[in-house]
Trainee: 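Provided herewith is a single structure, encoded as structure tokens, for subsequent inquiry.
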Amino acid sequence: MGQGILTPPGAADVDALLADAGLERRGGSLFMAGVPLSAVADAVGTPAYVYNAEAVRVHYAALDAALAPIPHRICYAVKANGNLAVLRLLRDLGAGADIVSAGELARTAAAGFPAERVVFSGVGKTADELRLAVRAGIGHINIESGEELELLAAIASETGCHVRVGIRVNPDVTANTHPYISTGKSGIKFGVPTDQVVDAARVVAAHPALELTSIAMHLGSQLTDTGPFQEGIRRLLGLVAEVRSAGISTVRVLDVGGGLGIRYSAETPMDPAAFAAAVLPLVRPAGLTLYVEPGRFLVGSAGVLLTSALYRKRSGGKSFVVVDAGMNDLVRPSHYHAYHEIVELEAANRPVAPVDVVGPVCETGDFLALDRPLPALERSERVAVLGAGAYGFVMASNYNARPRPPEVLVDGGRFAVARPREELTELFRGERVTPLD
Ligand SMILES: Cc1ncc(COP(=O)(O)O)c(C=O)c1O
């Protein structure tokens with residue numbers, strides 16, 4: 001199941017987690033980039049997502065500097081956090097974007113990403129989505145099957161547009177992570193199997209409007225060591241050599257996907273320097289531009305979910321604290337059994353005891369933490385759930401007719417709402433009570 005699970009191997013390294021997030025304690029109060037999080041909670045209420053712009057910049061700069069020795073592009077994986085303010089921040093840093101849907105294409109356009117800096121992956125792109133991307137002049141379309149390639153070829157002919165194509169390969173590499181986010185092993189739905197890549201390359205090369213410019217992979221998410229990247233890259237480079245031997249010399253990009261892990265508890269994820277030290281010596285001799293598609297690494301630690309204690313209770317010998325954020329707001333604990341550290345906004349040096357932190361949703365699986373040593377939280381007391389910047393809001397739903405929380409951006413000692421809390425009437429916008437009338 002990899003790391004970051006509900007019961008971590010050791011005690012969470014809270015100081016390191018706070019540092020990763022750009023959080024600090026001043027007189028017991030939790031501050032993000034000079035802003036007391038209690039002030040944010042007072043202003044916008046809870047639950048609420050809060051993102052630290054400076055932490056995103058720090059993570060981007062570290063990766064960019066580590067990759068600087070070779071030509072590279074950091075294509076931010078929009079699926080991790082598609083908020084327009086976060087996207088604009090990354091665009092301004094020079095990032096490209098990795099998208100998986102027309103919706104994400106629209107978000108990148110709204111945030112001002114030039115289309116040629118965008119890479120489109122995904123196993124199930126529809127004809128409409130491919131057409132939109134082709135017409136937009138997208139950077140690369142990473143095809144994931146022979147049938148998708150046939151459709152793309154037809155769309156290129158129909159539109160007359162030149163299309164830069166990548167082949168997303170399934171390199172059959174085992175990644176030590178949760179099975180739901182392991183994506184580079186054979187027998188799962190992602191990527192073109194290695195033995196079909198050269199044939200696909202020939203199809204691309206034979207089409208007048210298609211150009212094979214990239215060979216790509218994505219191994220999975222929350223990877224904490226470099227071994228799988230090296231194994232995958234060796235396989236991709238072998239395929240680039242085979243494609244070149246077949247007389248196709250247009251490949252300029254090696255796209256190694258995302259997946260760089262972060263600390264959720266006590267892990268020691270690879271840092272950008274270790275990643276670069278493992279990857280660059282393999283890629284440099286091939287003379288290719290390196291693309292990476294990190295999502296979680298850039299934004300995961302930079303976000304917190306603020307939530308308030310509603311009620312405390314005891315049942316069956318256990319203690320519970322019911323909070324106002326549920327699995328609809330942050331699904332990772334329920335869905336992946338992911339561990340998220342929970343810290344008080346105002347620390348008071350109280351003794352801790354195990355408690356289940358549960359949400360208001362009508363599911364027993366609705367929890368943020370189980371048997372977590374926490375101080376006895378008072379009613380209305382607020383806490384921050386750390387590591388909530390990636391796969392947090394984007395996976396939120398309206399289950400139990402709960403409006404999705406606001407998203408707040410903190411920068412330069414100030415904060416502003418980047419997306420407001422949903423209104424109750426938005427929950428049924430467009431619905432008709434008597435649609436047949
Ligand atoms: C094709 C692709 N690229 C990049 C990512 C980003 O992964 P991560 O957020 O772990 O970096 C994903 C995640 O699923 C993906 O499917």
Side-chain angles (χ1 to χ4, degrees), residues 2-4 56 59-60 62-63 67 73-83 86-87 90 95-101 104-105 108 117-125 129 133 138-145 148 166-171 173 175-185 188-192 214-226 228-229 232 236 253-264 267 269-272 275 279 290-303 331-332 335-336 338 387-395:
Q3 306 195 45
V56 175
H59 291 122
Y60 184 90
L63 186 57
L67 302 180
R73 174 167 286 165
I74 299 174
C75 292
Y76 167 64
V78 173
K79 65 176 77 62
N81 183 330
N83 183 278
V86 172
L87 293 181
L90 284 154
D98 162 60
I99 62 162
V100 290
S101 67
E104 289 188 353
L105 180 62
T108 55
R117 275 203 243 155
V118 179
V119 172
F120 193 177
S121 310
V123 285
K125 307 177 198 79
E129 288 180 315
I138 198 156
H140 297 270
I141 295 187
N142 286 347
I143 59 111
E144 302 217 17
S145 65
E148 183 191 348
I167 299 177
R168 173 169 172 190
V169 177
N170 180 328
V173 169
N176 174 28
T177 190
H178 190 286
Y180 290 2
I181 50 176
S182 171
T183 56
K185 190 78 192 127
I188 57 164
K189 68 179 177 179
F190 295 102
V192 175
S214 169
I215 298 289
M217 69 176 187
H218 172 69
L219 297 176
S221 204
Q222 186 54 13
L223 309 184
T224 48
D225 49 62
T226 53
F229 279 103
L236 291 196
V253 170
L254 198 77
D255 181 344
V256 303
L260 280 88
I262 62 170
R263 189 179 351 254
Y264 284 104
E267 308 91 329
M270 72 191 114
D271 63 13
F275 175 74
V279 164
L290 174 68
Y291 276 28
V292 288
E293 302 170 353
R296 190 188 308 266
F297 173 79
L298 294 175
V299 297
S301 302
V331 78
R332 298 190 70 258
H335 187 55
Y336 304 116
Y391 308 105
F393 182 88
V394 284
M395 293 178 90

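Numbering of ligands and ligand atoms starts at 1, following listing order. Throughout, residue positions are numbered sequentially from 1 according to the sequence presented.
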Trainee: Do ligand 1 and A80 have nitrogen or oxygen atoms that lie under 3.5 Å from each other?
Mentor: no
Trainee: Residues two or more places apart in sequence or in another chain: which of them pass ring-ring contact (aromatic ring centres under 6.0 Å, His included) with F297?
Mentor: H59
Trainee: So if I count the atoms of ligand 1 from 1 in the order they appear, which ones are less than 4.0 Å from some heavy atom of R296?
Mentor: 8 (P), 9 (O), 11 (O)
Trainee: For the CD1 atom of I215 and the CD1 atom of I167, what is their distance to the nearest 0.5 Å?
Mentor: 4.5 Å
Trainee: Quick check for you: to the nearest 0.5 Å, what is the distance between T108 atom OG1 and F120 atom CZ?
Mentor: 10.0 Å
Trainee: Does G257 reach ligand 1, in the sense of a heavy atom lying below 4.0 Å from it?
Mentor: no
Trainee: Within the 4.0 Å heavy-atom shell around A77, which atoms of ligand 1 are there?
Mentor: 4 (C), 5 (C), 6 (C)
Trainee: Nearest 0.5 Å, what's the OG-CG distance between S145 and N170?
Mentor: 12.5 Å
Trainee: Among protein heavy atoms, which lies nearest atom 5 (C) of ligand 1, and at what distance?
Mentor: H218 CE1, 3.3 Å
Trainee: Would you mind running through ligand 1 and noting each atom that sits below 4.0 Å from a heavy atom of S221?
Mentor: 7 (O), 8 (P), 9 (O), 10 (O)
Trainee: Hey, is G259 one of the residues with a heavy atom under 4.0 angstrom from ligand 1?
Mentor: yes
Trainee: For ligand 1, which atoms have a heavy atom of Y391 less than 4.0 angstrom away?
Mentor: 6 (C), 7 (O), 8 (P), 9 (O), 13 (C)
Trainee: What's the separation between atom CD1 in I143 and atom CZ in R168, rounded to the nearest 0.5 Å?
Mentor: 11.5 Å
Trainee: So L87 and Y76, do their side chains get closer than 4.5 Å, heavy atoms only?
Mentor: yes
Trainee: R168 heavy atoms, cut-off 4.0 Å: which ligand 1 atoms fall inside?
Mentor: 1 (C)
Trainee: Closest non-hydrogen protein atom to atom 14 (O) of ligand 1, residue and atom name please, with distance?
Mentor: K79 CD, 3.5 Å
Trainee: Under a 4.0 angstrom heavy-atom cut-off, which atoms of ligand 1 come close to G295?
Mentor: 8 (P), 9 (O), 11 (O)
Trainee: Any salt bridge between K79 and D98, counting N to O under 4.0 Å?
Mentor: yes
Trainee: Can you sort out which atoms of ligand 1 are near D98, meaning under 4.0 Å from one of its heavy atoms?
Mentor: 2 (C), 3 (N), 4 (C)
Trainee: Report the distance from atom CD of E267 to atom CD1 of I262, rounding to the nearest 0.5 Å.
Mentor: 8.0 Å
Trainee: Residues two or more places apart in sequence or in another chain: which of them pass salt bridge (charged side-chain N to carboxylate O under 4.0 Å, His left out) with E293?
Mentor: none
Trainee: Show which atoms of ligand 1 fall inside a sub-4.0 Å distance from at least one heavy-atom site of E293.
Mentor: 1 (C), 2 (C), 3 (N), 4 (C), 5 (C), 6 (C), 11 (O)
